[in-house]
Structures are given as structure tokens and as C-alpha cells.
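Each remark here refers to the structure printed beneath this line.
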There are 2 protein chains.
Amino acid sequence: MSANLIIDSITRHVQLSADEQQHFLSLLKPKTYKRKQFVLQDGQVCKYSTFVTSGCLRGFTVDQNGFEHVLNFAPVGWWIADMYSLLTQKPGILNIEALEDTEVLLLSKADQEKLYHEIPKFERFFRIITENSLVSFQQRLIDNLSLTAEERYHNFCRRYPTLIYTLPKKQIASYIGVTPEFFSRMQHKMLLKDKK
Amino acid sequence: MSANLIIDSITRHVQLSADEQQHFLSLLKPKTYKRKQFVLQDGQVCKYSTFVTSGCLRGFTVDQNGFEHVLNFAPVGWWIADMYSLLTQKPGILNIEALEDTEVLLLSKADQEKLYHEIPKFERFFRIITENSLVSFQQRLIDNLSLTAEERYHNFCRRYPTLIYTLPKKQIASYIGVTPEFFSRMQHKMLLKDKK
DNA sequence: CGTAAAACTTAATGTAGGTCAAGAAATTAC
DNA sequence: GTAATTTCTTGACCTACATTAAGTTTTACG
């Protein structure tokens with residue numbers, strides 16, 4: 001059940017009393033999205049931190065030529081938001097879309113800030129997951145600067161083994177930073193190599 | 001004076017009493033590095049958060065072909081660390097080197113953690129700067145996926161106007177993700193354009 | 001179901017940016 | 001102040017990946 005999922009994910013990092021758990025849960029608004037529905041569109045102000053309890057979301061930007069670039073995926077158990085917009089409360093550049101029918105829990109920015117003051121352990125929790133997120137984006141940037149597309153794909157497979165089977169290939173291609181056409185050719189080449 | 005610099009940079013985000021300021025300052029160890037000296041080498045465990053009070057540091061990785069890739073610069077007033085290694089206390093992949101003679105203040109991981117418990121405002125401060133850092137790395141990743149080298153260079157100039165004049169061009173080239181040769185050509189082309 | 005849309009593949013051609021080499025200019029350090 | 005080192009530039013050639021286009025397979029959904 002989704003309350004367990006989110007509480008467990010927090011108590012892996014900080015301990016919470018029953019009261020604290022209840023209080024936290026009372027702040028969350030459940031919401032469901034149909035496949036292809038948008039959770040957030042660029043130009044909007046991001047008002048919530050979103051926790052995925054079933055399904056999968058993707059965060060992406062659209063460049064001046066209309067091409068999409070996947071910033072991140074949020075499968076079950078992950079948080080997602082347009083961090084820039086959430087922090088500044090200005091219009092953001094991120095689109096967040098449901099890749100399949102998806103259930104989430106929403107925590108409003110106001111409630112999140114209040115929570116930090118009431119129960120500092122929550123500030124600790126979000127500090128820790130933000131630090132982890134920073135480390136993985138730094139690593140991904142380094143990968144983009146120093147690895148070939150094929151190597152980046154291998155890293156993706158190692159880091160998100162479950163997602164490989166559920167995600168459309170064009171989404172994976174976009175995440176690692178190549179076109180679907182090149183991704184297709186790349187996979188073909190890798191198959192030939194493996195056979196040897 | 002360097003104590004003012006670091007206190008000011010913190011009190012821009014959280015308010016501190018005189019006692020809290022004193023306590024914080026008492027935890028910092030000043031240290032100086034000569035130009036080209038290493039603050040941290042890959043393979044080492046990162047033990048400190050480093051705040052630059054004069055000079056400039058650069059964080060970079062070395063790939064399997066021996067090429068360097070600049071992850072970040074830390075000019076005066078900035079913090080730097082190998083976040084992965086600092087968090088996990090495992091050997092890291094980041095090198096941190098002084099680009100010129102540089103003075104820093106070191107805050108040990110143990111003291112930083114203790115500080116979080118003693119004075120939650122410091123946990124807030126580091127949460128906020130980590131969030132800001134995350135936003136800028138996300139933006140840089142998006143830039144690398146969607147912009148040309150020339151556009152990334154313009155972004156660099158907008159974001160770090162002071163650094164353009166002090167940094168060797170090859171460092172800027174590495175930061176935006178191109179070779180020094182291509183960077184040189186690119187600047188030449190931009191000059192021709194500007195003249196028109 | 002059936003059909004429309006979306007996702008995937010393959011091929012031909014194009015290009016942003018890399019590599020290698022070698023000389024010129026600028027910094028550093030003794 | 002000058003030799004040594006590092007940085008920057010320029011030229012010829014190269015390659016990983018993009019683009020365009022067309023056909024095929026898979027998936028969604030009325």
C-alpha cells in the first residue's frame with residue numbers, strides 16, 4: 001500500500017515516530033494520471049513535490065527545434081519536480097508526463113517548508129535525497145562528456161535494470177542523448193558483437 | 001577578511017546569532033594551496049567540504065583515454081568537494097586542483113554532521129546550496145543535450161562573467177565539452193560574425 | 001477485433017566536432 | 001631576463017552521431 005511505500009522510503013534515512021508518520025501522511029494528496037497526461041507543463045509554476053506510488057513519469061525539456069530531451073524518469077518510489085521552478089516559484093522549463101497510468105502523492109511546497117520547521121528530520125531526509133540526486137546528475141554529466149553512446153547505454157542498463165524492459169526505446173535513446181535512429185543501429189551492432 | 005566572506009554567504013540564506021557564528025568559525029581549518037597543487041586526487045576519500053576564500057579551484061575527472069573533463073570551478077565564495085566520496089566515504093573519481101595560489105577553509109565531514117544536529121539552520125543552509133547546485137547541474141546537462149558548443153559557451157559567459165578573463169581557455173573548453181582546438185576555431189568564427 | 005497512431009528499423013547522406021601534427025604566442029620560474 | 005614550459009592557433013583529415021526519408025512492426029483504443 002502506498003502509505004507504506006513512502007514511509008519506508010523515508011525511514012531508510014531518518015527515523016519517525018508514529019505521530020510524525022501520521023502527520024506527514026495527512027499532508028499528502030493522492031492523484032492519478034492517465035498515460036500521456038501531463039503532470040506539469042513548461043511555463044507553469046511547479047507547486048508540488050511528486051512521489052510516484054505506481055506507474056512511471058518522465059521529466060523532459062523541449063529545445064528550440066522541437067526535440068525532446070529526457071532529464072529523468074520517476075518510477076515507483078521516486079520523487080520528481082521541476083526543481084528550478086519549485087525553488088524559485090517562477091515558470092519552469094520542465095515537462096512531466098505519465099508514461100503509463102500513474103498514481104502519485106503530492107506534497108505542496110508550502111507544506112514541505114512548514115514540515116522542515118516543525119520536524120527537522122524531514123529537512124534532513126530531503127537534504128539527503130537531494131545530495132544523492134546531485135551526485136547522480138554530476139556522474140551523468142561526466143558520462144556525457146567522456147563516454148560514447150554505447151558506454152552510456154551500458155551505464156543506463158546497470159543503473160536502471162528494471163526500466164529497460166518497460167520503457168519505449170526512444171525514451172532511453174533520449175535519456176542517453178542520441179536519436180532513436182542511432183540507438184536502433186547501435187543496438188544492432190551490439191547484438192552482432194555479443195554473438196561472437 | 002575571509003571570516004566575513006563565509007559568514008555573509010551563509011547569512012544570505014539563514015540567520016545566525018553571534019554565538020552560532022563563532023562556533024561555526026571555530027570548526028574551520030584554513031589552508032593554502034600553491035598553483036597546480038592538488039586539493040584532492042581521484043582514488044582518495046574526500047574528508048572535507050572546502051570553501052574558497054581566495055584564488056580558484058577546479059574539479060575534474062580523467063577518462064580512460066587520459067582526457068580531463070572539468071566538472072566545476074570554485075572561485076572565491078564557492079564550496080567544492082567530491083560529493084560522491086564525501087557522502088559515501090569511499091574513494092572518489094574527482095580531482096580538485098588549484099588553478100592559482102588559493103586559500104580555503106576546510107570543514108570536516110564529522111564536524112559538518114555534528115553541526116547539522118547542534119544547529120539545524122546549518123542543515124538548512126547546506127540543503128539550500130545543494131538544491132541550487134542540483135538545479136544548475138540539471139541545466140548544464142540539458143544544455144549539453146540540446147545546445148551547440150557555441151550556445152553553451154554563451155551560457156558560460158552569461159553565468160560566469162568574471163571567470164572568462166581569469167581562466168585559461170582550455171579550461172573553459174573542457175567545461176563546455178569541446179577540445180581546445182575546436183574552441184579556438186569557434187572563437188575565431190564568432191569574431192568574424194561579430195564584425196559584421 | 002480492426003485500424004489509426006506510435007514506435008522501431010534500415011539506408012543514404014550530411015555535419016559538428018575530434019584527432020594529429022606543427023608552429024606561434026604567452027606564462028612561468030629560475 | 002631568458003630558457004623552459006604551457007597555452008593557443010591553424011590546417012588537413014577523420015568519425016560518431018544527426019538528418020531525411022521510407023518502410024515495417026507494435027501498440028492503443030473505439
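Atoms considered below: every heavy atom in the structure, side chains included; atoms not considered: hydrogens, waters and symmetry mates. First the proteins, then the strands, lettered A, B, ... as listed; each starts at 1.
Taking a cutoff of 4.0 Å between a charged side-chain nitrogen and a carboxylate oxygen, B:Glu123 and B:Arg127 do not qualify as a salt bridge.
From the 5' end on, the contacts that DNA chain C makes with chain A at under 4.0 Å to a non-hydrogen atom open and close at C:dA6 to C:dA11.
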Contacts table for residues 101-108 of chain B: side-chain donor-acceptor under 3.5 angstrom, sequence neighbours left out:
from	atom 1	to	atom 2	distance (Å)
B:Asp101	OD1	B:Arg35	N	2.7
B:Thr102	OG1	B:Cys56	N	3.1
B:Thr102	OG1	B:Cys56	O	3.4
B:Thr102	OG1	B:Glu100	O	2.7
B:Ser108	OG	B:Asp111	N	3.0
B:Ser108	OG	B:Asp111	OD2	3.3

Please set out all donor-acceptor pairs under 3.5 angstrom arising from side-chain atoms of residues 163-173 of chain A, sequence neighbours excluded.
from	atom 1	to	atom 2	distance (Å)
A:Thr166	OG1	A:Leu163	O	3.3
A:Gln171	OE1	A:Arg58	NE	2.9

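Qualifying side chain to side chain contact (heavy atoms under 4.5 Å, CB included) partners for A:Gln15, counting only residues two or more places apart in sequence or in other chains: none. For A:Phe24, the ring pair (Phe, Tyr, Trp, His ring centres under 6.0 Å) partners at least two apart in sequence or on another chain are A:Phe122. Qualifying side chain to side chain contact (heavy atoms under 4.5 Å, CB included) partners for A:Phe38, counting only residues two or more places apart in sequence or in other chains: A:Gln41, A:Phe60, A:Asn95, A:Glu97. Residues passing the ring pair (Phe, Tyr, Trp, His ring centres under 6.0 Å) test with B:Tyr48: none are found, sequence neighbours excluded. Not counting sequence neighbours, the partners of B:Val14 by the side chain to side chain contact (heavy atoms under 4.5 Å, CB included) test are B:Ile10, B:Leu16, B:Lys121, B:Arg124, B:Phe125.
Within the structure, salt bridge (Lys or Arg N to Asp or Glu O under 4.0 Å) contacts touching residues 10-19 of chain B (residues at least two apart or in different chains) do not occur. For residues 132-143 of chain A, every residue pair satisfying the salt bridge (Lys or Arg N to Asp or Glu O under 4.0 Å) rule, not counting sequence neighbours, is listed here: A:Asp143-A:Arg159.
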I'd like to compare against my own output: the B/S/- annotation of nucleotides 7-23 of chain D with a strict under-4.0 Å heavy-atom distance to protein.
SSBBBB----BSBBB--
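Five base pairs at each end of the helix from C:dC1-D:dG30 to C:dC30-D:dG1 define two local axes, and these are offset by 70° (rounded to 10°).
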